[in-house]
K.L.:
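Pasting a structure below so you can have a look.
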There are 2 protein chains.
Amino acid sequence: MEQHHTLAHVLRQEQLRYTNQRQAVWDEIKSTDAHRDAEEIYMALRQDNISVSRATVYRTIEVLVKYKLINKIDIGDGRSRYEHANNTEHHDHLICTNCGKILEFVDESVEELQCDIAKKYGFKLDYHIHQLFGLCKKCK
Amino acid sequence: MEQHHTLAHVLRQEQLRYTNQRQAVWDEIKSTDAHRDAEEIYMALRQDNISVSRATVYRTIEVLVKYKLINKIDIGDGRSRYEHANNTEHHDHLICTNCGKILEFVDESVEELQCDIAKKYGFKLDYHIHQLFGLCKKCK
DNA sequence: CCTATTGTTGAGAATGAGTCTCATGGATAT
DNA sequence: ATATCCATGAGACTCATTCTCAACAATAGG
């Protein structure tokens, strides 16, 4: 899939209309580096007196994930979190199993190894999940 | 956490009783190398005319995961799958985003790098998830 | 412009995996 | 034996997410 760096591009590609609600969701997600779930994003919008329904939040997130403007993070507690991928180097996550803290790490050599592995098994790699779980500095 | 290789060990450790139902669930999971969800394991037991409730399947799986007799695999479709870890070398997964096929791969060098990364961030590593998503040989 | 068509939205219903409750019954200990 | 404790199963419940559908907004064609 091609790279699409703006909401407008993505919507055009998907033949969806550009609307204030969609822009508002995208703006809200872009506004922090946090790893928030759909409900938190929805509540943040309400806080700002922007009226967007939960359904629209979920629907917009879906497209943003598809085009990789945001990343979906699943830390195994039953709800997905999202982070914007805007001007961000690719990274993976360290997750504290005690306090839920999420740290980001970059490791080029792991990235390269992944390509090799995929090639070896005849896979055309699309994306990956690489999460290290354990106790953070404070919790251990 | 210590290593516990048998159900009896695990149950003793958790101060749980050894029961036919718990053994049946463990036997069922051990019986194949498949990556099945709780419902599939439950149905397989019913197929064999073994009467174990869904609740017991879930409860037993929980303990088995805790003691790493089985691995939980989340491929992002909303249900967890499980594979036995019996006499099995540690491995991670390649997942086909088209047909859902799951392949296993082992990569020692990735394993080592993970330790380094955890150390660098002051984490005490417990376990990790490393999944490569893409199209398998057939689907691409 | 006016109207038909099509896409979007929001509210709440529906879904579905997983968890919890609680009455029943089986195991254990005294 | 008998009292206590634990495990079980059926179904109620939870909660994130998806779906439905009526109302509404945008767009296109005349």
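This structure is a prediction, so every number in the text was calculated from the model and none was measured. So that the names make sense, note that chain A is the first sequence line, chain B the second, and so on, each numbered from 1.
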K.L.:
Atom CD of Glu14(A) to atom C1' of dG7(C): distance rounded to whole Å?
P.N.:
14 Å
K.L.:
Which pair of heavy atoms, one from Leu7(A) and one from Tyr18(A), lies closest together, and at what distance?
P.N.:
CD2-CE1, 4.3 Å
K.L.:
I need the CG-P distance between Asp77(A) and dA16(D), as an integer number of Å.
P.N.:
9 Å
K.L.:
Can you tell me how far P of dG16(C) sits from OH of Tyr42(B), to the nearest Å?
P.N.:
17 Å
K.L.:
In a check of side-chain contact (heavy atoms from CB on, under 4.5 Å) between Trp26(B) and each of Leu69(B), Val10(B), Thr6(B), which one passes?
P.N.:
Leu69(B)
K.L.:
Using modelled atom types only, decide if a donor and an acceptor are shared between the side chain of Asp74(A) and the backbone of Gly76(A) within a distance under 3.5 Å.
P.N.:
yes
K.L.:
Regarding His35(A) and Glu104(A), is there a side-chain donor-to-acceptor distance under 3.5 Å anywhere?
P.N.:
yes
K.L.:
Nearest-Å distance, CG (Leu11(B)) to P (dA7(D))?
P.N.:
9 Å
K.L.:
Please state whether the phosphate of dT17(D), meaning OP1 or OP2, lies under 4.0 angstrom from any side-chain nitrogen or oxygen of Ser80(A).
P.N.:
yes
K.L.:
Which part of the nucleic acid, if any, lies within reach of Gln21(A) when heavy atoms closer than 4.0 Å are counted: base, sugar-phosphate only, or nothing?
P.N.:
sugar-phosphate
K.L.:
In whole angstrom, what separates Asn20(A)'s CG from dT8(C)'s P?
P.N.:
13 Å
K.L.:
Is there a side-chain contact between Tyr82(B) and Asn71(B), using heavy atoms and a 4.5 Å cut-off?
P.N.:
no
K.L.:
Grab the two heavy atoms, one from Val52(A) and one from Tyr42(A), that are nearest each other, plus how far apart they are.
P.N.:
O-CE1, 3.1 Å
K.L.:
Would the His128(A) and His93(B) ring centres measure less than 6.0 Å apart?
P.N.:
no
K.L.:
For Lys140(B), is there an ion pair with Asp126(A) - N to carboxylate O distance below 4.0 angstrom?
P.N.:
no
K.L.:
List in chain and number order the residues that pass salt bridge (charged side-chain N to carboxylate O under 4.0 Å, His left out) with Arg81(A), two or more places apart in sequence or in another chain; answer none if no residue qualifies.
P.N.:
Asp77(A)
K.L.:
Rounded to the nearest angstrom, tell me the gap between atom CD1 in Ile41(A) and atom C1' in dT17(D).
P.N.:
14 Å
K.L.:
Between atom CE in Met43(B) and atom C1' in dG16(C), what is the gap in whole Å?
P.N.:
16 Å
K.L.:
OP1 or OP2 of dA26(D) versus the side-chain N and O atoms of Thr19(A): is any pair under 4.0 Å?
P.N.:
no
K.L.:
Between protein and nucleic acid, restricted to nucleotides 25-30 of chain C and to nitrogen or oxygen atoms under 3.5 Å apart, what atom pairs and distances do you find?
P.N.:
{"from": "dG26(C)", "atom 1": "N2", "to": "Arg17(B)", "atom 2": "NH1", "distance (Å)": "3.4"}

K.L.:
So if I take residues 44-61 of chain B and measure heavy-atom distances to DNA chain D, which residues fall below 4.0 Å?
P.N.:
Ser51(B), Val52(B), Ser53(B), Ala55(B), Thr56(B), Arg59(B)
K.L.:
Check the distance between dA26(D)'s C1' and Arg22(A)'s CZ and give it to me in whole angstrom.
P.N.:
12 Å
